[in-house]
Trainee: 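Structure provided below as structure tokens; questions to follow.
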There are 2 protein chains.
Amino acid sequence: MRPAPERRREILDTAAEVFAAQGYDATTVRRIADAAGLLAGSLYYHFDSKESMLDEILRAFLDELWARYDAVLAALLGPRETLEALVTESFREIDRHRAAVAIYQKESGHLREQPRFGYLAGSQRRFEEAWLTTLERGAAAGVFRTDLDVRLTYRFVRDTVWVAASWYRPGGQHSPEEIARQYLSMVLEGVALRDGHRTYERRTKKE
Amino acid sequence: MRPAPERRREILDTAAEVFAAQGYDATTVRRIADAAGLLAGSLYYHFDSKESMLDEILRAFLDELWARYDAVLAALLGPRETLEALVTESFREIDRHRAAVAIYQKESGHLREQPRFGYLAGSQRRFEEAWLTTLERGAAAGVFRTDLDVRLTYRFVRDTVWVAASWYRPGGQHSPEEIARQYLSMVLEGVALRDGHRTYERRTKKE
DNA sequence: CTCCTTCCCTAACAAGTGTTTGGTAGGTTA
DNA sequence: TAACCTACCAAACACTTGTTAGGGAAGGAG
């Protein structure tokens with residue numbers, strides 16, 4: 001027998017990759033099996049349904065994400081530092097779970113209505129609350145602007161970060177931290193040039 | 001006989017709505033027919049395939065979008081004014097073609113590889129070029145920052161605008177122009193508060 | 001009235017779907 | 001050696017999918 005206790009994880013990663021590329025519904029179990037190097041029926045030795053694979057992928061992603069987010073929130077940083085930390089952690093998460101994030105982005109909208117995936121709605125509520133309170137704290141403390149609609153700002157920051165999963169490829173030109181830094185600079189300072197504005201120093205690309 | 005020369009358009013709008021909500025592959029022709037008030041087979045009197053419906057929806061959207069974009073680009077405005085006009089037109093397009101935009105966002109990634117939808121890749125190229133040159137013009141003219149990666153900035157602005165289709169609902173609290181104004185303010189000036197920063201005046205909501 | 005066109009229905013089709021069942025090669029344990 | 005377990009295959013299952021063929025009701029045109 002070969003080693004293969006991690007064969008399950010291997011298949012799951014393959015499935016995530018295919019789901020992210022083709023969409024969940026457009027992906028057949030035979031396609032997954034092909035990419036993983038076995039036959040369709042054999043998948044059911046490891047998983048009890050296609051839906052279970054999706055469920056496991058999303059749960060693993062959200063669990064890890066919330067572990068990081070909770071650590072940031074528990075540190076009780078200032079609003080600006082909290083925002084910076086959340087954004088940075090988000091990009092790191094995209095770096096580690098790119099496929100899962102892409103799937104979440106594409107499918108969570110209509111999966112939320114299925115009872116089995118109800119936890120997606122719960123997660124989104126927590127998500128929204130964490131960001132909104134951070135933004136409101138910042139507005140109250142005078143570090144963020146107060147002339148913007150907070151919910152609009154929330155969606156702006158949230159989308160800005162997470163859609164990066166659609167184009168980000170690990171091992172690319174910029175590290176997750178570098179991307180986070182530039183994104184934060186844009187979100188916080190804007191892209192327009194102002195007098196005396198030159199706070200951001202470009203880094204050389206890695207390797 | 002009832003009037004109904006626009007019955008075709010009616011069905012197509014319904015299809016777009018369902019595609020946007022459930023995803024193209026997850027949508028069955030029976031579901032579309034249900035929502036449109038006829039039986040599945042009857043759809044084939046108006047259209048010759050499910051794929052044709054998708055094709056027609058996306059083409060109509062892109063045609064209208066490019067008509068507006070070309071008008072903006074032909075006006076030869078300054079870089080900042082061009083960016084503002086492009087963003088505003090984009091939000092107007094989301095207002096008019098919300099479903100089509102949402103479909104485009106979700107499906108264009110893997111549709112692009114199909115020969116029939118090759119024009120999606122072409123459109124994206126033109127899209128990218130229009131935004132990149134605007135940003136580069138602005139950087140050269142000293143109205144945009146030069147310390148940011150241009151391609152990163154491009155994706156930032158692009159995604160920021162178009163993902164709004166996932167949450168925007170026409171007839172909501174803010175008009176497209178109002179959303180465009182706040183988004184532009186965030187993108188250009190940033191969300192951080194600075195001394196003497198109070199250029200943006202909040203509008204009262206409509207109605 | 002009759003003919004014709006428009007728009008839809010009924011009923012079925014073949015292909016593809018997720019999933020199950022029974023079997024089996026080959027290593028591990030006794 | 002024999003019993004056992006893991007990880008897979010082969011073949012089929014019931015069902016759903018997009019699509020087609022033939023027919024028919026309703027109104028306009030002659």
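Any value given below was found using the heavy atoms of this structure, including those in side chains, with hydrogens, waters and symmetry copies removed. First the proteins, then the strands, lettered A, B, ... as listed; each starts at 1.
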Trainee: Determine which pairs satisfy side chain to side chain donor-acceptor pair (under 3.5 Å) with at least one residue from residues 21-33 of chain A, sequence neighbours left out, and list them in order.
Mentor: none
Trainee: Between protein and nucleotides 9-11 of chain D, what N or O pairs are separated by less than 3.5 Å?
Mentor:
residue, atom, partner, partner atom, Å
D:dC9, OP2, A:Leu39, N, 2.6
D:dC9, OP2, A:Ser42, OG, 2.9

Trainee: Kindly write out the residues that satisfy side chain to side chain contact (heavy atoms under 4.5 Å, CB included) with A:Ala36, not counting sequence neighbours, or none if the list is empty.
Mentor: A:Ile11, A:Thr14
Trainee: Residues two or more places apart in sequence or in another chain: which of them pass side chain to side chain contact (heavy atoms under 4.5 Å, CB included) with A:Ala99?
Mentor: A:Ala16, A:Glu17, A:Ala20
Trainee: Once you round it to whole Å, what is the distance between P of D:dA7 and CD of A:Glu6?
Mentor: 10 Å
Trainee: Suppose the criterion is side chain to side chain donor-acceptor pair (under 3.5 Å): which pairs have a residue in residues 37-62 of chain B, not counting sequence neighbours?
Mentor: B:Arg8-B:Glu56, B:Asp48-B:Ser52, B:Ser49-B:Ser52, B:Glu51-B:Gln114, B:Glu51-B:Arg116, B:Ser52-B:Arg116, B:Asp55-B:Arg59, B:Asp55-B:Tyr119
Trainee: Nearest-Å distance, NE2 (B:His46) to C1' (C:dT5)?
Mentor: 14 Å
Trainee: Please output the side-chain donor-acceptor pairs of residues 89-96 of chain A that fall under 3.5 Å, not counting sequence neighbours, one pair per line with the distance.
Mentor:
residue, atom, partner, partner atom, Å
A:Glu89, OE2, A:Arg92, NH1, 2.9
A:Ser90, OG, A:Tyr69, OH, 2.6
A:Ser90, OG, A:Leu86, O, 2.7
A:Arg92, NE, A:Glu177, OE2, 2.7
A:Glu93, OE1, A:Arg96, NH2, 2.8
A:Asp95, OD1, A:Tyr168, OH, 2.7
A:Arg96, NE, A:Glu64, OE2, 2.8

Trainee: Would you list the pairs meeting side chain to side chain donor-acceptor pair (under 3.5 Å) in which at least one residue belongs to residues 70-85 of chain A, sequence neighbours left out?
Mentor: A:Asp70-A:Arg126, A:Arg80-A:Glu84, A:Arg80-A:Glu189, A:Thr82-A:Arg137
Trainee: Please list, by residue number, the residues of residues 19-30 of chain A whose heavy atoms come closer than 4.0 Å to an atom of DNA chain C; answer none if no residue qualifies.
Mentor: A:Thr27, A:Thr28, A:Val29, A:Arg30
Trainee: Counting side-chain heavy atoms from CB outward, which of C:dC8, D:dA7, C:dT19 is closest to A:Ser49?
Mentor: C:dT19
Trainee: Quick one: which of C:dT19, D:dC8, D:dG18 gets closest to the side chain of A:Tyr45?
Mentor: D:dC8
Trainee: State whether B:Trp167 and A:Arg155 meet the cation-pi test: NZ (Lys) or CZ (Arg) under 6.0 Å from the six-membered ring centroid, and within 45° of the perpendicular axis.
Mentor: yes
Trainee: The criterion is ring pair (Phe, Tyr, Trp, His ring centres under 6.0 Å); which residues satisfy it with A:Phe144, sequence neighbours excluded?
Mentor: none
